[in-house]
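Chain A is the first sequence line, chain B the second, and so forth, proteins listed ahead of strands; every chain is numbered from 1. Remember, it's a predicted structure, so these values are computed and weren't measured experimentally.
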Number of protein chains: 2
Amino acid sequence: MGRNSRKEEILHAASKVVSDKGIFNLTLDATAKEAGISKGGLLYHYPSKEALVQGMVEHLANNYREKIANNAASDPIDQGKWVRAYVDVTFNQAYQNKDMHYGLLAAKAVSSNSLDPIRELYSDWQHEIEHDGIDPIKATIIRLATDGIWLNELFDIYHIEEDKKQAVYQKLKDWANEPDE
Amino acid sequence: MGRNSRKEEILHAASKVVSDKGIFNLTLDATAKEAGISKGGLLYHYPSKEALVQGMVEHLANNYREKIANNAASDPIDQGKWVRAYVDVTFNQAYQNKDMHYGLLAAKAVSSNSLDPIRELYSDWQHEIEHDGIDPIKATIIRLATDGIWLNELFDIYHIEEDKKQAVYQKLKDWANEPDE
DNA sequence: GAAAGTATACCGTCCAGATAGTATAGTAAA
DNA sequence: TTTACTATACTATCTGGACGGTATACTTTC
């Protein structure tokens, strides 16, 4: 733990700064203060602001990829397993460390390449989802609707009510269980 | 035209700066240069950066609201007209001045209240969509999937291919035409 | 086993450059 | 004469990041 968790603490602190104060206030000073270390210490771990944001994105991408892969692997039914995994993890697990999503906001703000790991991730998932044994367009719509929820929340445009969210979740999962039409 | 279009030109220039150089480079200098006016002239129209961003968001919200309201009003069939209007406009019209969406990015970066007009807009639409004569959960999913497309593009996470986009569009419209289940 | 060296993990200060916003003097046109 | 600007100069503040130092633990060498 000791060795690695320090860097994670910093990433978490950076996310919190973005979440609390917005992207423009994601500064090295603020991050260091939030993480309880000095600016010098922060720069020891992440030698530039860009490296810090890169770290946020990579951490997020790795976590997410692993979760969904595990979920898909443990699904007893082959047909639709990737779609279900995507829906399940995004609805139920990703919200627990939602603050990590703020890494995306930061990445979008800092530079365009820093989003590369995310683009690759979604490109891979899209491929799995389209070859998942269910109608690829329907599968894509399920994916897009799922994205719609978390992107709306991330952007602070529309926050779906909990009961409505559950109803949407159920319907999307039902669709993911129907065979090819 | 003369009086009002100057302000619009400035808003457009600001969007272009965000689109080309990212949120962090949306500066007053860069916006003025892009709009072909002096910094003093820019500040004459928008006395602060926040006012500029506010202008971007309000202009975007007004345009969007009007387009969808018109589309819904001219739909011969009552049932599902708001859902269809939302899907139609977002898929077909909003992409033409896509750069305006960058106002959202800027607003998200600058301050949280500047997104208020957008939040109100979406809150109103969500209400219409849920009372549109079709299953409200299904209607919400259609809305979310539509959001998924443009938010993914705005965020630069996933760009759907044109033919796939058309197929999704068709299926969503079909669903919006089916009666209540 | 002491001395010397090396790696890791920080701290705190300093500075150049960028930026928002102000001020001001002047211009053109309606 | 008011409106709609241009052009330039200036201030105050913030920020990234470089840098020099410190503390500790481990390793090598004699």
Side-chain angles (χ1 to χ4, degrees), chain A residues 1-57 59 102-103 105-114, chain B residues 1-57 59 102-103 105-114:
Chain A
M1 265 241 175
R3 295 314 114 211
N4 218 7
S5 66
R6 212 63 216 257
K7 295 190 95 173
E8 274 188 39
E9 272 174 47
I10 292 173
L11 296 180
H12 201 268
S15 296
K16 190 159 191 319
V17 171
V18 175
S19 147
D20 288 355
K21 303 178 192 171
I23 311 169
F24 274 160
N25 294 307
L26 175 65
T27 62
L28 297 181
D29 273 322
T31 305
K33 197 164 285 176
E34 179 68 41
I37 60 169
S38 71
K39 194 173 172 182
L42 169 62
L43 284 166
Y44 171 78
H45 290 291
Y46 295 102
S48 73
K49 191 175 177 176
E50 209 169 322
L52 172 66
V53 171
Q54 200 65 35
M56 294 169 81
V57 171
H59 186 259
Y102 288 102
L105 277 179
K108 183 70 190 160
V110 165
S111 88
S112 59
N113 328 32
S114 49
Chain B
M1 267 247 171
R3 296 311 114 211
N4 218 7
S5 67
R6 212 64 215 255
K7 296 190 96 173
E8 275 190 37
E9 271 173 45
I10 293 172
L11 297 180
H12 201 268
S15 295
K16 191 161 191 317
V17 171
V18 175
S19 146
D20 289 355
K21 303 177 192 171
I23 311 168
F24 275 158
N25 294 307
L26 175 66
T27 62
L28 297 181
D29 273 321
T31 305
K33 197 164 285 175
E34 179 68 42
I37 61 169
S38 70
K39 191 177 168 181
L42 169 63
L43 285 166
Y44 173 78
H45 289 291
Y46 295 102
S48 73
K49 190 174 176 176
E50 209 168 321
L52 172 65
V53 171
Q54 199 65 35
M56 293 169 81
V57 171
H59 185 259
Y102 288 102
L105 278 179
K108 182 70 189 159
V110 164
S111 88
S112 59
N113 327 31
S114 48

I want to check one thing: is the phosphate of C:dA9, taken as OP1 and OP2, less than 4.0 Å away from some side-chain N or O of A:Tyr44? yes
Side chains of B:Glu9 and B:Ile37, heavy atoms from C-beta outward: is any pair under 4.5 Å? no
Rounded to whole Å, please give me the gap between NZ in B:Lys7 and C1' in D:dC5. 14 Å
For the NZ atom of B:Lys108 and the NZ atom of A:Lys108, what is their distance to the nearest 0.5 Å? 15.0 Å
Among the nucleotides D:dT3, C:dG21, D:dG16, which one has an atom lying closest to any side-chain atom of B:Leu43? C:dG21
5'-most contact on DNA chain D: A:Thr27 or B:Gly41, nearest heavy atom basis? B:Gly41
With respect to the side chain of A:Ile37, which nucleotide from D:dC5, C:dC11, D:dG17 is positioned closest? C:dC11
Roughly, in whole Å, what's the span from NZ in A:Lys39 to P in D:dG16? 6 Å
For the pair made of CG in A:Leu28 and P in C:dC14, what is the distance, rounded to whole Å? 18 Å
A:His45 side-chain proximity, nearest of D:dG16, C:dC10, C:dT22: C:dC10
Value in whole Å for how far the P atom of D:dG17 lies from CG of A:Leu52: 10 Å
Provide, to the nearest angstrom, the distance between the CZ atom belonging to B:Phe24 and the P atom belonging to D:dT15. 10 Å
Rounded to the nearest 0.5 Å, how far does NE2 of A:His45 lie from CD1 of A:Ile10? 4.5 Å
Would you find a donor on one side and an acceptor on the other, under 3.5 Å apart, between the side chain of A:Lys49 and the backbone of A:Leu26? yes
For the pair made of CZ in B:Arg6 and P in D:dT6, what is the distance, rounded to whole Å? 6 Å
Closest to side chain of A:Ser38, choosing from C:dC10, C:dT22, D:dT3: C:dC10
Separation of D:dT15 atom C1' from A:Lys21 atom NZ, nearest Å, is 14 Å
Taken to the nearest whole Å, CG/A:Leu42 to C1'/C:dG12 is 14 Å
Reckon A:Leu26 touches a base, only the sugar-phosphate, or nothing at all at heavy-atom distances under 4.0 Å? sugar-phosphate
Are any non-hydrogen side-chain atoms of B:Met56 and B:Ser15 less than 4.5 angstrom apart? yes
N/O donor-acceptor pair, side chain B:Lys49 with base C:dG21, under 3.5 angstrom: no
Of A:Gly40 and A:Asn25, whose nearest nucleotide on DNA chain D comes first from the 5' end? A:Asn25
